[in-house]
Amino acid sequence: MRASNHLIGLINFLTFLLSIPILGGGIWLSTRANNTDCLKFLQWPLIVIGVSIMVVSLAGFAGACYRNSFLMRFYLFVMFFILAALIGFIIFAYAVTDKGSGRAVMNRAYMEYHLEDYRGTWLEKRVSDDSYWAKISSCIRDSRTCAKMGRVVGGLPETADMFYLRKLNPIQSGCCKPPTECGFVYANETVWTAGGELVGTNPDCTMWNNDQEQLCYQCNSCKAGILASLKKSWRKVSVINIVVLIILLIFYVVGCAAFRNNRRIDNDEPYGEARMTKSQPSRIQL
Ligand SMILES: *[C@@H]1O[C@H](CO)[C@@H](O)[C@H](O)[C@H]1NC(C)=O
């Protein structure tokens, strides 16, 4: 008789389970020691969405178990806004990361990043903003991302040829070394001596400093590296969000249908029971 109630309970339970990977993903992103440490704000939407899905699905689960239609209504109502927020977040994430990518460099395995490729985007304006950039760049410096780039191969420091074959991430490429076009000569990963053939139209070429506290942290290539790194992480988060959205939408539609079905049965029931209790004795009388 109450099949739809069981269905709602089941759906809420599955929704609850679904919130665990979202939350876990958010926490994992925010705790792992990687180069996007300085961009932690990215993980918050995921954690907030994960927690709200968890709370709301628990409410819906309780509502189905205890046949509490207030909790069920609460679940359906709030879930609507969560779905809307999720859709908004996905659109936003794609809209702000629509432009720009790394450029391939001759004889280098790593890409290099140019701020021009990201110019005019909302995210670029945010990152280039002086006060904001001061925070991000000092955070990158403190994270020792560049210092950790040093490699020892067979007891010896890495040679230039080995370095050129490395796949650097956008932040390492943009912030820890001078752009290749400046013609600096490799000494180690973060020390480059000025070469004879300086081709300096790029302002980053004069920004480079072998002082391990400065490096290319003020370069445009560093800002571009950050933007490229942001783009990568936002796209990853968006993929998770799209999968979650599709599953949640299916659950939501099924949940709504089951709830309406339940209410129909509730409304019919008084008649049904009344008929039963009236007809039963009469049949016995016969
Ligand atoms: C490169 O050499 C400098 C100076 O010797 C040193 O301070 C720095 O840590 C080295 N860089 C890396 C990445 O090992």
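Numbering of ligands and ligand atoms starts at 1, following listing order.
Cys216-Cys176 SG separation is not under 2.5 Å; the pair is not scored as a disulfide. Between Cys219 and Cys222, the SG-SG separation does not fall below 2.5 Å.
Each of Cys146, Ala147, Gly150, Asn188, Glu189, Thr190, Val191, Gln212 has a non-hydrogen atom positioned under 4.0 Å from some atom of ligand 1.
The hydrophobic cluster around Leu156 extends to none of the other residues, as no ILVMFWY side-chain heavy atom falls under 4.5 Å of it.
In this pair, Tyr252 and Phe80 present their aromatic rings tilted. The plane angle is within the 30 to 60° band.
When the options Leu83, Asn12, Leu14 are evaluated for a side chain to side chain contact (heavy atoms under 4.5 Å, CB included) with Phe251, the one that passes is Leu14.
Note: the hydrophobic cluster containing Met149 also contains Trp208 (ILVMFWY, side chain heavy atoms under 4.5 Å, direct or indirect links).
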